[in-house]
Protein chains: 2
Amino acid sequence: MANHHKQDIESTMQDIVKAMSAKGWRITDQRKSLATLFAEAEGFLSPKDVYDSMRQQYPGVSFDTVYRNLRLLSEMGVLEQIYLNDGLKFRARCGSHHHHHLICLQCEKTVPFEFCPMLHMAGVPADFQVVSHRFEIFGYCPSCESTASSE
Amino acid sequence: MANHHKQDIESTMQDIVKAMSAKGWRITDQRKSLATLFAEAEGFLSPKDVYDSMRQQYPGVSFDTVYRNLRLLSEMGVLEQIYLNDGLKFRARCGSHHHHHLICLQCEKTVPFEFCPMLHMAGVPADFQVVSHRFEIFGYCPSCESTASSE
DNA sequence: ATCCATGCAAATAGTTTGCAAGACC
DNA sequence: GGTCTTGCAAACTATTTGCATGGAT
């Protein structure tokens, strides 16, 4: 869920920190910085994006620390991973209710929507045991449409 | 589309070979072998799967040849790529009509179905320019269900 | 003070590229 | 025979691991 308001960002950031703390992890400056980064992000971030952002505040940060924390946060369920066409990306998991996303091919920002195909489906073989599903719509968001048409 | 019958496999294999030939590519033994492999496959194959299969017939085959041909076939549209949880996979593109797939989490075989959520959707913001979509259902196929329940 | 997290370096996995020798048309 | 494809080696990218030091509780 996109958080455009300061208090939402702050509370998402706190949620992530709390989740880490509850698991017994130590709250280091880098981890606080990671939490803020994902709370503020409107789209997906690659490991390199995360590394570059963190380096602005912590010039000495190393790539392996970034990877370690991304993996830990993913395993905890705080972040979700997805492979977009240009590689592995992460974003803060939407905590609220089940929904899907529009994903902008240009800026990779996401827009949630409520329609879930599983509620309207017909034709799934009865003997297939469904575990999960994935539904995403790709295209261009209003801000990127003009740029996209000139390609 | 799954090809379980010998004549389907043969014709899919011929289609792939024809597509390569039409593009002016030379039909080498390795490429014929690749075509057969994907025509026979019921699920997704990783580059390593492909390499291992090809090595049985062509012990000297190299990894880079596998990658080169997988990339060329993907760019041609003969194969489609997908990132499953355990990495990059390939399969022969279903040539017929638009549909989606059930994907078995155990054996990665796929089952097509006709329902497309885009035909039933409501709630997409009008200012989002839709380009493509992705809808997959994950679970266990009949043959894998028993194994899965014991995990 | 204890133990976890970090940074560094090196290792590993996955994928791509340059080039000479061989295969296809 | 000319050119495309292959295999080998090496380069490159992305990611992971071992270990000593520094930091959080």
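Chain identifiers are assigned alphabetically (A, B, ...) following the order of the sequence lines, protein sequences preceding nucleic acid strands; residue numbering begins at 1 within each chain. Side chains are part of it too, since the values below use all heavy atoms of this structure and drop only hydrogens, waters and symmetry mates.
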Notebook entry, point to check: Does a donor on one side chain and an acceptor on the other come within less than 3.5 Å for A:Ser46 and A:Asp49?
Noted result: yes

Next item on the list: Round to a whole Å and report the spacing from CG of B:Leu34 to P of D:dT5.
Entry: 13 Å

Next item on the list: Map B:Tyr83 and A:Arg31 onto DNA chain C by nearest heavy atom, then report which one ends up closer to the 5' terminus.
Entry: A:Arg31

Item checked: Of B:Gly24 and B:Val61, the one whose closest DNA chain D nucleotide lies more 5' -> B:Gly24

Next item on the list: Return the value, rounded to whole Å, for the distance between atom NZ of B:Lys48 and atom C1' of C:dA13.
Entry: 12 Å

Check: Do the ring planes of A:Phe135 and A:Phe113 sit parallel (below 30°), tilted (30 to 60°) or perpendicular (above 60°)?
Finding: perpendicular

Next item on the list: Using the side chain to side chain donor-acceptor pair (under 3.5 Å) rule, take A:Thr12 and A:Asp15 through it: C-alpha gap first, then chi angles, then the decisive distance, then the call.
Entry: CA-CA 5 Å; A:Thr12 304; A:Asp15 287 349; 5.3 Å; no

Notebook entry, point to check: OP1 or OP2 of D:dG7 less than 4.0 angstrom from a side-chain nitrogen or oxygen of B:Thr65, does that happen here?
Noted result: yes

Notebook entry, point to check: Can you find a donor-acceptor pair, distance only, under 3.5 Å between B:Arg26 side chain and D:dT3 base?
Noted result: yes

Notebook entry, point to check: Any donor-acceptor pair under 3.5 Å linking the side chain of B:His120 with the backbone of B:Met118?
Noted result: no

Next item on the list: Kindly say if B:Tyr67 contacts the phosphate of C:dT15, meaning a side-chain N or O under 4.0 Å from OP1 or OP2.
Entry: yes

Notebook entry, point to check: Quick one: B:Arg71 CZ to D:dT6 P, roughly how many Å, whole number?
Noted result: 13 Å

Checklist line | Proximal nucleotide (of C:dA5, C:dC24, C:dT6) relative to the A:Asn69 side chain | finding: C:dT6

Checklist line | Nucleotide D:dT15, atom P - distance to CG of A:Leu70 in whole Å | finding: 10 Å

Checklist line | Value in whole Å for how far the C1' atom of C:dT12 lies from CZ of B:Phe63 | finding: 14 Å

Item checked: Side chain of A:Arg68 - closest among D:dT17, C:dC25, C:dT16 -> D:dT17

Note to self: Would you say A:Gln30 places a side-chain N or O within less than 4.0 Å of OP1 or OP2 belonging to D:dG23?
What the structure shows: no

Checklist line | A:Lys32 NZ - D:dT25 C1' separation (whole Å) | finding: 13 Å

Checklist line | A:His133 and A:His100: side chain donor to acceptor below 3.5 Å | finding: yes

Notebook entry, point to check: Starting at CG of B:Asp49 and ending at P of C:dT15, how long is that distance when rounded to a whole Å?
Noted result: 12 Å

Next item on the list: May I ask you to evaluate whether A:Thr28 reaches the phosphate of C:dC4, defined as a side-chain N or O under 4.0 Å from OP1 or OP2?
Entry: no

Note to self: Rounded to whole Å, how long is the line connecting atom CE of A:Met20 with atom P of D:dT25?
What the structure shows: 11 Å

